[in-house]
*Asks:* 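Just dropping this structure here.
What you are looking at is a predicted structure, and each value in this text was computed from that prediction instead of being measured.
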Amino acid sequence: MHECAPERLADYEMFGLRHEVAQLEAEVRRYLATAAGRFETWLAARHVRRGA
């Protein structure tokens, strides 16, 4: 039985999901362009600057 290194298997699985990953990225960008997304971006940056 053939076994791949875990890293290689993960790469192969991500390659198979590339269309879904691209769609998710587009949806996140769309959300971040909304007022709610801009607020969450601001809030996250504020949280990071304060050292969590």
Side-chain angles (χ1 to χ4, degrees):
M1 182 174 179
H2 173 78
E3 287 189 32
C4 291
E7 298 84 14
R8 187 168 174 148
L9 179 58
D11 286 342
Y12 175 76
E13 290 176 350
M14 286 302 294
F15 178 76
L17 296 171
R18 66 190 179 281
H19 298 294
E20 289 86 350
V21 170
Q23 183 178 359
L24 175 63
E25 288 178 358
E27 290 174 14
V28 168
R29 284 191 180 104
R30 259 193 306 276
Y31 173 72
L32 292 176
T34 68
R38 288 190 303 272
F39 175 74
E40 286 196 41
T41 300
W42 172 83
L43 193 60
R46 183 173 181 238
H47 185 73
V48 168
R49 282 192 303 269
R50 290 189 175 195

*Asks:* Other than L9, what residues sit in its cluster of Ile, Leu, Val, Met, Phe, Trp and Tyr side chains whose heavy atoms are under 4.5 Å apart, directly or through others?
*Replies:*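 Its cluster mates, by chain and number: none.
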
*Asks:* Kindly give the cluster partners of F39, where membership spreads through any ILVMFWY side chain lying under 4.5 Å from a current member.
*Replies:*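 Traced through the cluster, F39 reaches W42, L43.
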
*Asks:* When the side chains of residues 10-21 are checked against the rest of the protein, which donor-acceptor pairs come out under 3.5 Å, sequence neighbours left out?
*Replies:*
from: R18; atom 1: NH1; to: F15; atom 2: O; distance (Å): 2.7

*Asks:* With L32, which residues qualify under side chain to side chain contact (heavy atoms under 4.5 Å, CB included), at least two apart?
*Replies:*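 Testing L32 for side chain to side chain contact (heavy atoms under 4.5 Å, CB included), a comparison that skips the adjacent residues, returns V28, T41.
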
*Asks:* Which residues satisfy the side chain to side chain contact (heavy atoms under 4.5 Å, CB included) test with E27, sequence neighbours excluded?
*Replies:*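 So E27 forms a side chain to side chain contact (heavy atoms under 4.5 Å, CB included) with Q23, R30.
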
*Asks:* Could I get the full list of side chain to side chain contact (heavy atoms under 4.5 Å, CB included) partners for A35, not counting sequence neighbours?
*Replies:*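 For A35, the residues satisfying side chain to side chain contact (heavy atoms under 4.5 Å, CB included) (neighbours in sequence not counted) are R38.
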
